[in-house]
Amino acid sequence: WGTIGGVTAACDAFGICGYPEQLAYIEFEVVDNRHLSDADVEFETLFSDAEGQTHRSSGSVAADGTHKYVFNLTLAFVGIVNIDVKLAGKPVLQSPFLLLVTPRSCEEGRKASTTGECRCQGGRMEVLRTCISRGAFMSGLLLPPLVVIILLVVIFVRAKIKAADAFWVIDLRSLSFDDPPECIGQGPNGEVIKGHLLGTEVA
């Protein structure tokens, strides 16, 4: 019997026993109903990945006198996994059986890798456990310094304009007029009076 993702099913030799997701907790119970042996139960998993490499793992469960043996697995690879179970060195009747491991369910924008890790997809990258597009990341990275540079340029230009305008602003204390002031012209906005600015005649 196997419990895969909380669902219990009987396993038959050379049949697919279940469809667990990558990294799901899988538990199997082997029961020696005929009490044939007090030996340990051994199990071996065999998986061939897309590149043709074979991955093998094994383990054993010690006898405890109850004739029930429980072993568990967590499988990372996607595909068909062959599980061979032996009692006292001999295959049990339902062995070997198969598991069809399916890709792990991931959050939107992520996809399970061959090892079961949920990774960002579609040109996205992970920043602080969130998938964002590379464009958004670059914008977030470059925008603050760009705003600071623009602000510094605006401040610099305003300071230069103020300095240039200060050249044309005349301090009234620097002007002097004849006594009585001499009027040298008249217009719609007022009179033009002759004066002196730092020794130079001005109107």
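What's counted below: heavy atoms across the whole structure, side chains too, no hydrogens, waters or symmetry copies.
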Closest non-hydrogen atoms of Gln22 and Ala112, given as atom of the first, atom of the second and distance, are OE1-CB, 3.1 Å
I'd like a table of donor-acceptor pairs (distance under 3.5 Å, sequence neighbours excluded) in which one partner is a side-chain atom from residues 88-110, with atom names and distances.
from   : atom 1 : to     : atom 2 : distance (Å)
Ser95  : OG     : Asp84  : OD1    : 2.7
Ser95  : OG     : Val85  : N      : 2.7
Ser95  : OG     : Val85  : O      : 3.3
Thr102 : OG1    : Pro20  : O      : 3.3
Arg104 : NH1    : Gly116 : O      : 2.7
Ser105 : OG     : Glu21  : OE2    : 2.5
Arg110 : NH1    : Cys118 : O      : 3.4
Arg110 : NH1    : Glu126 : OE1    : 3.1
Arg110 : NH2    : Arg129 : O      : 3.3

List, one per line, each side-chain donor-acceptor pair under 3.5 Å for residues 180-202, sequence neighbours excluded.
from   : atom 1 : to     : atom 2 : distance (Å)
Lys194 : NZ     : Glu201 : OE2    : 3.4

Test question: given the 4.5 Å side-chain rule for I, L, V, M, F, W and Y, name all other residues clustered with Val148, or answer none. Leu152
Do Ile26 and Phe77 sit in the same hydrophobic cluster, where Ile, Leu, Val, Met, Phe, Trp and Tyr count as joined when their side-chain heavy atoms come under 4.5 Å apart? yes
Going from CD1 on Ile161 to CZ on Phe156, what distance comes out if it is rounded to the nearest 0.5 angstrom? 10.5 Å
Same apolar cluster: Val70 and Ile83, side chain cutoff 4.5 Å: no
If you group Ile, Leu, Val, Met, Phe, Trp and Tyr by side-chain heavy-atom gaps below 4.5 Å, do Leu151 and Leu143 land in one group? yes
According to a 4.5 Å side-chain heavy-atom criterion applied to Ile, Leu, Val, Met, Phe, Trp and Tyr, with indirect links allowed, do Ile155 and Val147 form part of one hydrophobic cluster? no
Looking only at non-hydrogen atoms, find the nearest pair between Arg119 and Glu117 and report the distance. NH2-OE2, 3.0 Å
